[in-house]
Structure formats: C-alpha cells, structure tokens
Amino acid sequence: MKSDYHNWLHENMNKLPSQHKYDIGLQDMSECTEFWFHNMIDQQNVMMNSDEVYIFGVFLKQTGAYIGSVDFSTLMRLNFHWGRVGYTLNNTHWRRGYGKEAVRGALKIAFEKLNYHRVEAHINLDNTPSIKLAEGIGMKYECTRKGFINENGKWTDNHVFYMNAEDYY
C-alpha cells in the first residue's frame, strides 16, 4: 500500500550489508522517493489486476515493521493454474521463523484466493537458506533444470521445488 512508504524506507535503510551473494543487503535508497514508491505500487497493481504478479509485504505482528515480501508470478492458467513463488526477508530478521511463517501464509492465499493448483520455487543450486525454507514449509524437490534462468547475462541451473494445492491442506 502507498501508506507503507515510510515503514518500507526505514526498514530498507536499516539493513545490514549483504551477508551472501543472494542477499541484496543495504542499498543506496536516495532514488527511492515517495513518488517513486507510489509509482512502483501502481505498477504492481497493474500486474496484479492482469493476473501476472502478486506481491505481498511481510510485516512483523508485534510492531508492524516491514521485513520483506513474498511474490507469486502466474506461469500459466488454462488447465494448469501454475505459479512461481519468490521470497525475500530483510537480513536483520533472519533465523527467527518469519520467512517460513510468511511463505506458509502466502501459499494459503495462493491456493485459496488466487486459485493456483501448483506453485514452484526456482532456487539457485547454492542458495542453501532458500532451499531450507522451501523444504521447511513442505515443498518437495522435483528436479534440477539446466540453464533455466538468465541471471546477469548467464544461464543458470535451478532446483525446482513444488507444492500442489492438495499438498497444502
């Protein structure tokens, strides 16, 4: 929501420096003005309304602080109802169970409200924290796809973890 700007900015400005290669860590936020943030939210709403991408902020129950996000991309509808899940948590909030809780809650929305039947996580082979999170919420390893995602101009291999709606319940 556009009203989350100051909360979002504060938490992003208080991240630790990057802890590993998949952690964005502390970044220069000088270009992230309130106007920029509102445009980003407008773009996300367009993608949501066209069933392309859904982005959910993750907030601490105790304080309401923004601590990360969970997103779903629709890969295919028709007879598939197939999506991809991504997740990120600010590094100041790692190892407290927030990621698992957030992704579990988001999967409930994905299966019950967004009508996905299958959700996949595509994870770099050496991204151990993400693999542990996927396994910890009950996603199953399916395969390793070779040259699957183009990252930084290079095709990378990814593990595929999945969950079907009936696996969630």
Side-chain angles (χ1 to χ4, degrees), residues 8 11-12 15-27 32 40-41 43-59 66-169:
W8 174 87
E11 289 298 320
N12 277 294
K15 287 182 185 177
L16 300 172
S18 177
Q19 304 297 297
H20 59 71
K21 76 180 193 179
Y22 299 111
D23 175 27
I24 295 171
L26 184 62
Q27 297 177 290
C32 300
M40 179 183 71
I41 297 296
Q43 290 170 4
Q44 291 174 357
N45 284 330
V46 167
M47 291 186 295
M48 178 184 66
N49 290 331
S50 63
D51 190 40
E52 293 175 59
V53 177
Y54 300 87
I55 302 171
F56 300 96
V58 177
F59 299 85
Y66 170 87
I67 62 168
S69 63
V70 178
D71 64 90
F72 294 99
S73 301
T74 300
L75 299 176
M76 187 173 288
R77 284 295 184 181
L78 302 172
N79 296 328
F80 294 92
H81 298 285
W82 174 31
R84 182 214 49 87
V85 63
Y87 36 84
T88 184
L89 202 63
N90 292 359
N91 58 21
T92 54
H93 299 283
W94 288 355
R95 295 179 207 49
R96 298 182 195 163
Y98 299 142
K100 285 182 183 177
E101 182 180 358
V103 177
R104 275 190 196 114
L107 283 168
K108 180 176 175 64
I109 295 168
F111 293 128
E112 293 181 4
K113 304 282 187 213
L114 303 180
N115 249 357
Y116 289 122
H117 170 73
R118 177 187 173 97
V119 173
E120 294 180 353
H122 305 149
I123 305 172
N124 291 83
L125 307 186
D126 60 346
N127 191 343
T128 303
S130 188
I131 291 168
K132 286 182 179 179
L133 190 151
E135 292 173 336
I137 61 168
M139 295 187 88
K140 296 178 186 122
Y141 172 79
E142 182 172 59
C143 64
T144 299
R145 291 186 181 147
K146 301 290 186 180
F148 185 57
I149 297 177
N150 192 314
E151 296 177 315
N152 302 317
K154 181 174 127 182
W155 290 98
T156 60
D157 301 345
N158 273 215
H159 291 311
V160 176
F161 287 81
Y162 77 96
M163 181 178 284
N164 289 333
E166 55 271 9
D167 299 326
Y168 181 81
Y169 298 105

Notebook entry, point to check: Looking only at atom types and distance, does a side-chain atom of T74 sit under 3.5 Å from a main-chain N or O of D51, one as donor and one as acceptor?
Noted result: yes

Item checked: Distance, nearest 0.5 Å, that separates OG1 of T88 from CD1 of I67 -> 10.5 Å

Notebook entry, point to check: Are E166 and H117 close enough that some pair of their side-chain heavy atoms sits under 4.5 Å apart?
Noted result: yes

Check: Side chains of V46 and Q43: does their closest heavy-atom pair fall under 4.5 Å?
Finding: no

Note to self: Quick check: closest heavy atoms across M139 and V119, and the distance to 0.1 Å?
What the structure shows: CE-O, 3.6 Å

Notebook entry, point to check: Just by modelled atom types, is the G147 backbone N or O under 3.5 Å from a matching donor or acceptor in the D157 side chain?
Noted result: yes

Check: Quick check: does any side chain N or O of Y66 sit under 3.5 Å from a backbone N or O of G68, one acting as donor and the other as acceptor?
Finding: yes

Next item on the list: Name the orientation class of the two ring planes belonging to W82 and F80 (parallel below 30°, tilted from 30 to 60°, perpendicular beyond 60°).
Entry: tilted

Checklist line | Where R145 and H122 come nearest, the two heavy atoms and their spacing | finding: NH1-NE2, 3.7 Å

Item checked: Validation row: N158, T144 side chains within 4.5 angstrom (heavy atoms) -> no

Next item on the list: Decide yes or no for P129 and W94: does some side-chain heavy atom of the first lie under 4.5 Å from some side-chain heavy atom of the second?
Entry: no

Next item on the list: Check whether more than 12 heavy atoms from other residues, nucleotides or ligands sit under 6.0 Å from atom CG of N79, and answer yes or no.
Entry: no

Notebook entry, point to check: Under 3.5 Å, is there a donor-acceptor pair linking the side chains of Y87 and S130?
Noted result: yes

Notebook entry, point to check: Is the Y116 to F111 ring centre distance short of 6.0 Å?
Noted result: no

Check: Quick one: does M163's side chain get under 4.5 Å of V85's, heavy atoms only?
Finding: no

Notebook entry, point to check: H81 and L78: which non-hydrogen atoms are nearest, and at how many Å?
Noted result: NE2-O, 3.3 Å

Check: Any side-chain heavy-atom pair from N127 and H159 closer than 4.5 angstrom?
Finding: no

Check: Is the shortest heavy-atom distance from the side chain of Y98 to the side chain of V58 under 4.5 Å?
Finding: no

Check: Between atom OH of Y162 and atom NZ of K140, what is the distance when rounded to the nearest 0.5 Å?
Finding: 4.5 Å

Check: Is a donor on one side and an acceptor on the other found under 3.5 Å between the side chain of S73 and the backbone of R84?
Finding: no

